Amino acid sequence: MSQFDVTVIGSGPGGYVAAIRCAQLGFKTAIIEKYSVLGGTCLNVGCIPSKALLDSSEHFHNAAHNFADHGIIINEPKADLARMIARKSEVVDQTTKGIQFLMDKNKITVFEGVGSFESATQIKVTKNDGSTETIDSKYTIIATGSKPTALPFITLDKERIITSTEALELKEIPKHLIVIGGGVIGLELGSVYKRLGSEVTVVEFMDKIIPTMDGALSKELNKVLRKQGMKFNLSTGVQSVERNGDTVKVTAKDKKGEEVVFEGDYVLVAVGRSPYTKGLGLEKAGVDLDERGRVKTNEHLQTNVSNIYAIGDVVAGAMLAHKASEEGTMVAELIAGQKPHINYNLIPGVVYTWPEVAAVGKTEEQLKAEGVAIKIGNFPMRALGRSRASGDVDGFIKVIADEKTDEILGVHMIGARAADLIAEAVVAMEYRASAEDISRMSHAHPTYAEAMKEAALDATGKRALHF
Ligand code: FAD
Ligand code: NAD
């Protein structure tokens, strides 16, 4: 029987990063992945393919709508969806091959098959051909991720009633895509098809889109996406979805309790993701789940069985690739006897619409509910020279600081390249910067980042310079 110091089950951004860090720390490390390709949800059917299609569709949208304004005259552009999907697959292929290279480079043994516990120290790998192999491992890290959440009254046929996975592989541009769920997946993939010419209708249960983010972001994103032609039905609960040939019918109740019916040719169900523990044999190892089916861990990501840890989407917390990776690193270092720490308040969240939405720290709603006295600074993107030069004038940066100490408690932004701009806020908050600190730092001109300085200045009470 092969023996390892650490075995990781699942090769997503949580699992593969944990395996690399374990190997770097000198552990004999194995990783088990049920699919033949490494990288998990993020690299295969999540972050990377969705961003490839977002980029392609954005180029198309700009060619169709914005080039003329820049003085570039082209014939009417046509979208070649098959080529976009093929390019996306090439990007995924290059990225997943990179993970295989990293496994080889770090001398990590890769097992292809489903990993399931036989006991707290033995894991059986069941390969595709049904053959099995059992390995012995001193420590195990569960990194099995998540799957799309299903609604009990919806049968996903994966052709016209689909999840994000199928939405990344469509053979035609929908005429009318109905999106159930105005969260991150719904808005990102809704944007892809809206830009390619689909009619897109979002049906959201809550009274706002991206409901967990700061209310100001949700309001502005709603406004901007409506301007792009997306339609929103908020406070609307879906009750049934039916397919009839090439048509789909979604029946829902609006906030007045009245029935509303939407007809289209595709329905994307994007109502969240659920932890994936099927087939893991957790009961044989004695590992407990929490009330929401996630692997239960303590603050060191250790399960109730001391040599078994769990990370990423399968445990509590934000379902984000970078959160999973931080946890992978932390667990490897904990096993090595080090004392790492993750500040979960400083895990940024991004929505890759255009303009992009990004945030870190607490929202205005959270801080008010906690009774924290705050002051808020805002700066609109349209007041920046850089924004006018590129034509990306939508959005703003909002800096929330402590009323007394001036420490930055949350930064919420929507605008061009917000996904990259948020890194400044993370660094600032990690070092517990005050709004005044940021307002006094030189920001290159002309850049979108100047909005961060100006919003911080506004938060100090001195008022922004350019607005
Ligand atoms: P996963 O990536 O889900 O990997 C788990 C792996 O475990 C899978 O490969 C699975 O096959 C394997 N596995 C499961 N059970 C077993 C078993 N018993 N034996 C062997 N292998 C097993 N996050 C971001 O931060 N940024 C984004 O831009 C972003 N975009 C996204 C877009 C979409 C469309 C989706 C669906 C998700 C997106 N996410 C994004 C979320 C991100 O993909 C997840 O948070 C991340 O993949 C979680 O990593 P993980 O390692 O915990 O699990
Ligand atoms: P989400 O939690 O972001 O959004 C789901 C939305 O569906 C919510 O707004 C919710 O109110 C709504 N909803 C739930 N039940 C509903 C119903 N019956 N009818 C109508 N609306 C309903 O989940 P998601 O968009 O499916 O994404 C899943 C996970 O993947 C998220 O946790 C997210 O963090 C991650 N992800 C991240 C990124 C990124 O970082 N850019 C991109 C995609 C996915």
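Order of listing sets the numbers, starting from 1, for every ligand and every atom in it. Sequential numbering from 1 along the given sequence is applied to the chain's residues. In this text, all values refer to a predicted model and were calculated from it rather than measured experimentally.
Checked options Thr236, Thr201, Val179, Val238; the residue passing with Val250 is Val238 (criterion: side-chain contact (heavy atoms from CB on, under 4.5 Å)). When the options Thr121, Thr7, Thr29 are evaluated for a side chain to side chain donor-acceptor pair (under 3.5 Å) with Ser137, the one that passes is Thr7.
With ligand atoms numbered from 1 in the order given, ligand 1 contributes 2 (O), 43 (O), 47 (O) to contacts under 4.0 Å with heavy atoms of Cys42. Of all atoms in ligand 1, listed by their number and element, those nearer than 4.0 Å to a heavy atom of Ala143 are 5 (C), 6 (C), 7 (O). Listed by atom number, the atoms of ligand 2 under 4.0 Å from Ile180 heavy atoms are 19 (N), 20 (C). For ligand 2, the atoms lying closer than 4.0 Å to a non-hydrogen atom of Gly181 are 6 (C), 7 (O), 12 (C), 21 (N). Ligand-side atoms of ligand 2 in range of Tyr352: 41 (N), range being under 4.0 angstrom from any heavy atom. Proximity to Val203 (heavy-atom distance under 4.0 Å) selects the following atoms of ligand 2: 20 (C), 21 (N). Counting the atoms of ligand 1 from 1 in the order shown, those under 4.0 Å from a heavy atom of Gly312 are 52 (O). Residue-ligand proximity, Gly40 to ligand 1, at heavy-atom distances under 4.0 Å covers atoms 2 (O), 4 (O), 8 (C), 9 (O). Heavy-atom proximity to Pro211, at under 4.0 Å, picks out these atoms of ligand 2: 9 (O). The Met206 neighbourhood of ligand 2 comprises atoms 11 (O), with distances under 4.0 Å to a heavy atom of that residue. Listed by atom number, the atoms of ligand 1 under 4.0 Å from Ile9 heavy atoms are 17 (C), 19 (N), 20 (C). Shown in contact with Tyr276 at under 4.0 Å from a heavy atom are these atoms of ligand 1, numbered in order with element: 14 (C), 15 (N). For ligand 1, the atoms lying closer than 4.0 Å to a non-hydrogen atom of Val114 are 18 (N), 19 (N).
Closest of all the heavy-atom pairs between Leu196 and Ala79 is CD2-CB, 4.1 Å. Across all their heavy atoms, Asp394 and Pro355 have their closest contact at CB-CG, 4.1 Å. Taking all atoms of both residues into account, the shortest heavy-atom contact from Met230 to Ser191 is CE-N, 3.4 Å. A pairwise comparison of heavy atoms in Arg195 and Leu54 identifies NH1-O, 2.9 Å as the closest pair.
Contacts with ligand 1 closer than 4.0 Å are made by backbone heavy atoms (N, CA, C, O) of Val45 only, the side chain lying farther away. Under 4.0 Å from ligand 2, the heavy atoms of Leu320 that appear belong solely to its side chain. Using a 4.0 Å cut-off between heavy atoms, Val350 contacts ligand 2 through its backbone alone, with no side-chain atom that close. Only side-chain heavy atoms of Leu151 come within less than 4.0 Å of ligand 2; its backbone N, CA, C and O stay farther off. If you look at Leu320 next to ligand 1, the close heavy atoms, those under 4.0 Å, come from the backbone and the side chain alike. Residue Arg273 touches ligand 1 through its side chain alone, judged by heavy-atom distances below 4.0 Å. Contacts with ligand 1 closer than 4.0 Å are made by side-chain heavy atoms of Ser50 only, the backbone lying farther away. If you look at Ser146 next to ligand 1, the close heavy atoms, those under 4.0 Å, all belong to the backbone.
Using a 4.0 Å cutoff on heavy atoms, Ala318 does not count as a contact of ligand 2. Distances from ligand 1 to the non-hydrogen atoms of Val314 include no value under 4.0 Å. For the ligand labelled ligand 1, residue Ser116 lies outside the 4.0 Å heavy-atom shell.
When Gly12, Gly46, Gly14, Ala310 are checked for heavy-atom proximity to atom 37 (C) of ligand 1, Gly46 turns out nearest. Nearest to atom 24 (P) of ligand 2 by heavy-atom distance, out of Gly349, Gly183, Gly272, Gly46, is Gly272. Checking Ala324, Pro13, Gly328 against atom 46 (C) of ligand 1, the nearest heavy atom belongs to Pro13. Of the listed residues (Gly145, Ser325, Cys47, Ser164), the one carrying the non-hydrogen atom nearest atom 42 (C) of ligand 1 is Cys47. Comparing Lys51, Glu327, Glu188 against atom 30 (N) of ligand 1, the shortest heavy-atom distance belongs to Lys51.
Taking distance alone, with nitrogen or oxygen atoms compared against 3.5 Å, Met319 approaches ligand 1 more closely than that limit. Looking at ligand 2, you won't find any N or O of Val351 less than 3.5 Å from one of its N or O atoms. For ligand 2, one of its N or O atoms has an N or O atom of Met319 under 3.5 Å away. Taking only nitrogen or oxygen atoms, main chain and side chain alike, Tyr352 does not reach within less than 3.5 Å of ligand 1. The shortest N or O to N or O distance between Glu204 and ligand 2 is under 3.5 Å. Where the criterion is an N or O separation shorter than 3.5 Å, residue side chain and backbone included, Val184 meets it with respect to ligand 2. Considering backbone and side-chain atoms alike, Arg273 places every N or O at 3.5 Å or more from each N or O of ligand 2. Residue Tyr35 places no N or O, backbone or side chain, under 3.5 Å from any N or O of ligand 1. Residue Gly279 has no nitrogen or oxygen atom sitting less than 3.5 Å from a nitrogen or oxygen atom of ligand 1, judged on distance alone.
Using a 4.5 Å heavy-atom threshold, the side chains of Val260 and Phe262 count as touching. Counting only heavy atoms from C-beta outward, the side chains of Met429 and Val360 approach each other to under 4.5 Å. Considering only heavy atoms from C-beta on, Asp214 comes within 4.5 Å of Leu217 through its side chain. The closest side-chain heavy-atom distance from Leu282 to Phe117 is below 4.5 Å.
Heavy-atom neighbours of Phe153 CZ from other residues, nucleotides or ligands within 6.0 Å: above the threshold of 12. In the displayed structure, Asp129 atom CG is contacted under 6.0 Å by more than 12 heavy atoms of other residues, nucleotides or ligands. Within 6.0 Å of NZ in Lys51 there are more than 12 heavy atoms belonging to other residues, nucleotides or ligands. Annotation for Tyr344: atom OH counts as buried by contact number, over 12 foreign heavy atoms lying within 6.0 Å. Other residues, nucleotides and ligands contribute at most 12 non-hydrogen atoms within 6.0 Å of the NZ atom of Lys219. For Phe205, the CZ atom sits in a loose shell: 12 or fewer heavy atoms of surrounding residues, nucleotides or ligands are nearer than 6.0 Å.
Figure legend: cation-pi geometry between Arg417 and Tyr448 absent, as NZ or CZ is not positioned both under 6.0 Å from the six-membered ring centre and within 45° of its axis.
The closest side-chain donor-acceptor pair between Thr353 and Glu356, if any, does not fall under 3.5 angstrom. Side chains of Glu199 and Tyr193: a donor-acceptor N/O pair is absent below 3.5 angstrom, by distance only.
When hydrogens are left out, the protein atom nearest atom 16 (C) of ligand 2 is Val271 CG1, 3.5 Å; that is the closest non-hydrogen contact.
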Going through the distances and angles, do Leu234 and Glu204 end up as a side chain to side chain contact (heavy atoms under 4.5 Å, CB included)?
CA-CA 5 Å; Leu234 305 178; Glu204 165 61 50; 3.9 Å; yes

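The aromatic rings of Phe4 and Phe111 sit perpendicular to each other, their planes meeting at more than 60°, with 30° as the lower class boundary.
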